[in-house]
Amino acid sequence: MSASEIVPALVAAGSRARRPGLGSAFGWELSKLWKQKRAKITLAFAAVAPVLIVLIVKSQQRPPKDSLFGRFIHESGWSVPLLILGFAAQWVLPLLTALVAGDIFAGENQMGTWKTLLTRSVSRTQIFWAKTITAVLFALGVLLLLSVSTILSSIILIGHQPLVGLTGQVIPSYTAALLVSASWATAIPPLLAFTCLAILLSVLSGNPSFAIAGPVVIGMVMQLGGSLGGVEALRPFLLTTPFEAWHGLIVQDRFYGPLEYGLIGSMVWCVGSLTWAYVAIRRRDVTGG
Amino acid sequence: MPVAEVLAVDAVGVTKRYGDLVAVNGISIQVEQGEVYGVLGPNGAGKTTFMRMLFGLIRPDAGEIRLFGRTWEKDGTRVLDDVAGFVETPRFYPYLTGRENLVGLARLDGGGSANRIDDVLDIVDLAARADDKTREYSYGMRQRLGVAASLIRHPRLLVVDEPANGLDPAGIRDMRALIKRLADSGLTVLLSSHDMIEVEEICDNVTIMRKGDVVFHGSIAELREQAPEQGHRVSTDDDERAIAIGRDFEQLVVGRVDEGGLSVVGAQDEVDRLVKTFVDQGLALRALENTETPLQTLFFMLTERDHHDSELAAAVGG
């Protein structure tokens, strides 16, 4: 078929068969994400880095006794995932989620593709939620990979001996498996809060570098602030506090208050950040990008 | 109102301000279905701002825009159901191939047009490079991919902003030929440009803008009627004497040009007569060339005139 035949045929064609929904926008975001090296490298890091860390930890003659569970790393494979969780919560998890969430909106500014998206048949609302869901799923995927890789490599390389808890109690291996998994799961609310914060910075700044580094820096400042005296009233609302809530699970008499406060605090951060970001996207004049 | 009678574009009293700057000042543009319409103006005239408002990328501060009878306020993104195009340079995801970009964009249109991708790649002559990453595309290829991305929406109205901007002469020729071919097929085209020749070549009707205001609105034929005579630049071996001779030709305006030579404006047969007279009187003719076309001259007069000089605008209904 020659071009002169194709053009009239295209013009004469009927309306689109169906209107795009959130699923169409989400599918497009997922396929774009899958094509980005940054996302693949992050996922690969989450899968491989724990194995390397466990290997290094295992080879160390002197365990890091100053770190939580550091003194037990050669005695139980269940202690290593908790050691890594404590370390990862400081800046690794905020960074890994921000690598995608910080870029997912600002990247459109950087590439100038907002107008490419917004001149199609999807609404700003659909694009916003498609991107948000993609970032959230990516964050959960990274956490899942990191935790599974950490736990499996620890058990395989070190063993599944009983775990010594924070109050000195001995936790049988089966119970330790549940508690270690639950401890990693408690990182979900603050991780999602950091994801939403990165989304907000991504929307407001339009600068991927700023939006990726921002949550990490904010997390560090919060950690520093949380360690100071006189800020007890603020601590439940700091994004970093819920990352420590799992401590209540590894004691003789378990307590869940920090988990509940952490859940509420993280929700406040998520709802606040997403509401602000959504309003900004809806109202934005797209000129340059 | 029957569907065929609905205006493709019906913009009434559209205004956009950025602080104290009025980027678009209450302009009204009506484009009928099947028409090829040009919005012409120099940089900063407000053309792109108007195009952005058509696509809902920015909101007007006043006025209303209807596309095939639909408005952003009432119909949301359905307003773009029969509309496609691009504002400024089309942008794509550099880590995706041309085809992958089109597949994704088709998905954002509901997915029904994905089976046309090969056809539109043929139309814009990108089939051979469809599987290359768009970061490797030249400027002209991205422009053509922008047209392809528009065509997969099978629009009734194609809106293109400065489609030949940044292209080399061959690219400009190809892009104009493509738009003409699309227009000839019955597609309504709204084209913005700063190039009078481009608009004259492609469009039926035109709105000329200057600093947010409309200074001319009408058909290309009406514009031609308002245009001055063709200008010429003439160089002889004795320009002083040539000017003296030119004074005897009352229907010609003959003046000196700063860069050297003479400027001669008037009907072609009078210019021919002047040149013969030069030769008859022993002047050696060193150069005779057209300056800008009459429409270009009119365009510059309309868009570069001083604020206080409104005579011409009044004369042409601006």
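Below, chains carry the letters A, B, ... as their sequence lines are ordered, and counting in each starts from 1. Atom set for the values below is all heavy atoms of this structure, side chains included, hydrogens, waters and symmetry mates excluded.
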Engineer: If you measure from CZ on A/Arg120 to CZ on B/Phe55, what distance do you get to the nearest 0.5 Å?
Structural biologist: 9.5 Å

Engineer: Can you name the nearest heavy-atom pair linking A/Met111 to B/Tyr93, along with the distance?
Structural biologist: CE-CD2, 3.6 Å

Engineer: Determine whether more than 12 heavy atoms belonging to other residues, nucleotides or ligands lie under 6.0 Å from atom OH of B/Tyr95.
Structural biologist: yes

Engineer: I need the residue from A/Gly27, A/Gly107, A/Gly23 with the largest number of non-hydrogen atom pairs under 4.5 Å to chain B.
Structural biologist: A/Gly27

Engineer: Any side-chain heavy atom of B/Leu96 sitting closer than 4.5 Å to one from A/Lys32?
Structural biologist: yes

Engineer: For the atom pair CG (B/Leu108) and CD (A/Glu29), what is the distance rounded to the nearest 0.5 Å?
Structural biologist: 8.0 Å

Engineer: Would you check if A/Lys115 and B/Phe86 make a side-chain contact, meaning some heavy-atom pair closer than 4.5 Å?
Structural biologist: no

Engineer: Going by residue number, which parts of residues 123-134 of chain A are within reach of chain B, meaning a heavy-atom gap below 4.5 Å?
Structural biologist: A/Ser123, A/Arg124

Engineer: Counting only non-hydrogen atoms closer than 4.5 Å, does B/Lys16 touch chain A with its backbone (N, CA, C, O), its side chain (CB onward), both, or neither?
Structural biologist: side chain

Engineer: Take a 6.0 Å sphere around CD of B/Glu32 and say whether it holds more than 12 heavy atoms from other residues, nucleotides or ligands.
Structural biologist: no

Engineer: Would you say B/Asp81 and A/Arg19 make side-chain contact, with heavy atoms under 4.5 Å?
Structural biologist: yes

Engineer: So for atom CZ, which belongs to B/Arg142, do other residues, nucleotides or ligands contribute more than 12 heavy atoms lying within a distance under 6.0 Å?
Structural biologist: yes

Engineer: Quick one: closest heavy-atom pair of A/Pro20 and B/Gly110, and the distance?
Structural biologist: CB-N, 3.6 Å

Engineer: Heavy atoms only: give me the nearest B/Arg59-A/Asp285 pair and the separation to one decimal.
Structural biologist: N-OD1, 3.6 Å

Engineer: Would you please go through residues 33-46 of chain A and name the residues with a non-hydrogen atom below 4.5 Å from one of chain B, in numerical order?
Structural biologist: A/Lys35, A/Gln36

Engineer: Working to the nearest 0.5 angstrom, can you tell me the gap between B/Arg91 CZ and A/Glu108 CD?
Structural biologist: 12.0 Å

Engineer: I'd like to know which of B/Ala149, B/Pro90, B/Gly76 tops the heavy-atom pair count under 4.5 Å against chain A.
Structural biologist: B/Ala149

Engineer: Given side chains that start at C-beta, do those of B/Thr77 and A/Ser121 come closer than 4.5 Å, heavy atoms only?
Structural biologist: no

Engineer: For B/Thr48, is it the side chain, the backbone, both or neither that has a heavy atom under 4.5 Å from a heavy atom of chain A?
Structural biologist: neither

Engineer: For A/Thr119 and B/Arg153, does a side-chain donor sit closer than 3.5 Å to a side-chain acceptor?
Structural biologist: no

